Amino acid sequence: MNRHEIGLKGVCLRQAEEGDGRTLEGIAVPFNQIIDTWEGAETFDPDCRFDDVDTAKLCYQHGELIGRITNAESRDDGLHITARISDTQQGRDVVTLLRDGALDSLSVGFIPVENEVDKAGITHRRRVRLLETSVVSWPAYEAAKITGQRSAEPHENTSETGNQPSTESEETRMDKELEETLDGIKDEQRSLKAALAHAGATEKPKPMGSEYRTAGDYLQALYRGEETAVQLMHECRDLIVTGDTGNTATWIADDLRLIQMRRKVTNLLTHDTLPAKGMTMEYNVVASDTTVTDKQAKEGDTLPFGKVTFGTKSVGINTYGGYTTLSRQTIERSTTPMLNTALSALRNAYAKATETAVRNYLYSTIAAQRDAATDANKIDAPAALDAMTIDQWATLIMDAAELADDRNVSLTRLGVSKDVMGALIKLKDTGSRFFDLSGDGTDTLGDFDLTGIAGKFLRVPVQMLPKAPAGTACFIDPEAVTVWESGGPTQLSDGDPTKLTESYSVYGYLAVAASHPLGLIPVKFSTTSVK
């Protein structure tokens, strides 16, 4: 059983002019906000269910019990609570700190009951058991507030002589009864806290692959047929797709990071996980879209009708990787740096092979859509590449933005071949413009990192597409092309991974297809110069 604590920092505090200031109001849990915890990113969904709210306690710094929660209610922005601070020495000290503004934060202790993890690796809390809410000095969340500190609600019944409300003595009596129960509850609460802390410490998940210091150590363990190493091989199967390295050993995270660094074009596109079985897969595309919207002429009139139809296409799944051979003596007796070097070479080869496959598909798809004899999906440039002026490029970008808006796609970046990038770098703007088109100052049209082969031109991100055919220029929405993949840097096998002998390999499965081809908007340059 794990115990989690999240905090909420208050930035404003209001208080009644009169009264004891022992009734506290605030947002205990904000919804739809993400924080990083030792377990990874976490957020509470608006429909999160909170169990045992009626028995949850009010504490100070997750330690001493100082009162009770009198009401809790889920609203659009979070779980709102009302709490009553008891008239104890610690309670009075907390009231004073709240009045002085020294304390303005809340934190809750809870036990997760139901969670969901999305593709980005974010844990969505769907149901938790609320143990306590604490007034604290340093919260984890910054977005919520202690919204009020006030006296008890005023009572309507007073004596005819103008005495204080008759219920005041009853309130005092209730506080004394509560105070009498505190000592017993404190012991129980301390025991529960200790048990939860111990459980959290013992059940805290270890980083994946932490049993091995390097990839070479892992390879030796896999050679020896250690069950832990074999299990790790299967657990790492889809890490290269999800990019979830939040709970992995450093050597695994470094392998994934270096593979991504070597796949500049693949990183521009949408990534998804392959099905578990089969060497072909089907994916959906929009076949037709006749949906329209229009103003209703008068009440009761029929709205315009349209329909989206979907088609299904299939794509082959290919295997990419390589293998090398080491003697049994090398695997068994060499130092791990030597094995790390061999694995690094295979990892780089895998990254290069998969990146090449994606590049070839993307470049050929752009060319086919641009050069189709009929219904070509393109934008015609008004001049040849070497004759394009700044004004013509600006108009071209506006045309692409308008077309992207019609298609409901994003004008995310402009991908270009080396010669197009060279032509952009050579462009010079003459005269004085009233508008600064670059956003970087009147003397610049953009910027470009020659080593990172990426930059910005007239506010449009530009990415050079290495080894793309001359004359390639295409506005790319990442959703236009999807790369499905599984496998990656820790998939090692010679057929039976538990009996690794002389040969081992790094391999993966990959498929790539145009899932939304209208998200690619190629530019076709003129064969003649027209200014």
Side-chain angles (χ1 to χ4, degrees), residues 119-120 236-244 256-287 310-322 346-372 377-378 407 409-410 412-417 453-454 463-469 472-489 491 505-522:
K119 290 183 178 180
C236 290
R237 181 175 183 269
D238 289 327
L239 285 183
I240 197 169
V241 181
T242 64
D244 181 12
L256 293 170
R257 178 177 57 82
L258 292 174
I259 283 179
Q260 297 302 332
M261 288 174 59
R262 286 164 171 76
R263 304 202 303 186
K264 293 181 174 62
V265 174
T266 302
N267 294 339
L268 302 179
L269 309 174
T270 297
H271 231 77
D272 206 348
T273 306
L274 280 170
K277 301 292 183 180
M279 293 309 294
T280 61
M281 63 166 287
E282 293 186 344
Y283 62 98
N284 292 324
V285 295
V286 175
F310 296 93
T312 301
K313 292 187 177 182
S314 63
V315 61
I317 299 173
N318 298 303
T319 304
Y320 296 88
L346 283 178
R347 178 199 63 214
N348 292 339
Y350 174 80
K352 183 177 181 180
T354 51
E355 170 75 350
T356 299
V358 173
R359 290 183 185 181
N360 290 342
Y361 179 85
L362 178 64
Y363 299 167
S364 63
T365 301
I366 291 173
Q369 293 189 181
R370 179 194 62 202
D371 300 332
N377 173 38
K378 62 180 174 61
R407 295 177 174 182
V409 298
S410 298
T412 305
R413 61 177 46 82
L414 174 63
V416 298
S417 54
I453 61 172
Q463 177 79 42
M464 196 179 90
L465 303 176
K467 300 186 183 303
T472 297
C474 183
F475 296 94
I476 301 173
D477 182 336
E479 299 291 335
V481 176
T482 299
V483 179
W484 294 272
E485 186 178 15
S486 67
Q491 300 293 299
S505 61
V506 175
Y507 70 95
Y509 303 106
L510 180 139
V512 56
S515 48
H516 191 8
L518 292 181
L520 297 176
I521 305 177

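All figures in this text were calculated on a predicted structure; none of them were measured in a lab.
- Atom CD of Gln463 sits about 5.0 Å away from atom CG of Leu268, to the nearest 0.5 Å.
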Val481 and Tyr361: side chain to side chain contact (heavy atoms under 4.5 Å, CB included), yes or no, with the steps? CA-CA 9 Å; Val481 176; Tyr361 179 85; 4.2 Å; yes
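- Contact of the Thr412 side chain with the Glu479 side chain is not registered, since no non-hydrogen atoms from C-beta on lie closer than 4.5 Å.
- Taking both residues in full, the closest heavy atoms of Thr266 and His271 are given as CG2-CE1, 3.4 Å, listed atom of the first, atom of the second, then distance.
- Between atom OG1 of residue Thr365 and atom CZ of residue Arg370 there is a gap of 12.0 Å, rounded to the nearest 0.5 Å.
- When all heavy atoms are compared, the tightest approach of Ser417 to Ala468 is CB-O, 3.8 Å.
- Nearest heavy-atom pair, Val265 versus Tyr363, reported as atom, atom and distance to 0.1 Å: CG2-OH, 3.7 Å.
- Rounded to the nearest 0.5 angstrom, Cys474 SG and Leu465 CG are separated by 8.0 Å.
- Considering all non-hydrogen atoms of both residues, Glu485 and Tyr350 come closest at OE2-OH, 2.6 Å.
- Annotation: side chain of Glu355 is not in contact with side chain of Arg262 (no heavy-atom distance under 4.5 Å).
- Atoms NE2 and CG, from His516 and Asp477 in turn, are 6.5 Å apart once rounded to the nearest 0.5 Å.
- Crowding of Lys352 atom NZ: a count of heavy atoms from other residues, nucleotides or ligands under 6.0 Å not exceeding 12.
- One finds the CD1 atom of Ile476 at 6.5 Å from the CG atom of Leu520 (value rounded to the nearest 0.5 Å).
- The CD1 atom of Ile521 sits 7.0 Å away from atom CG of Asn377, with the distance rounded to the nearest 0.5 Å.
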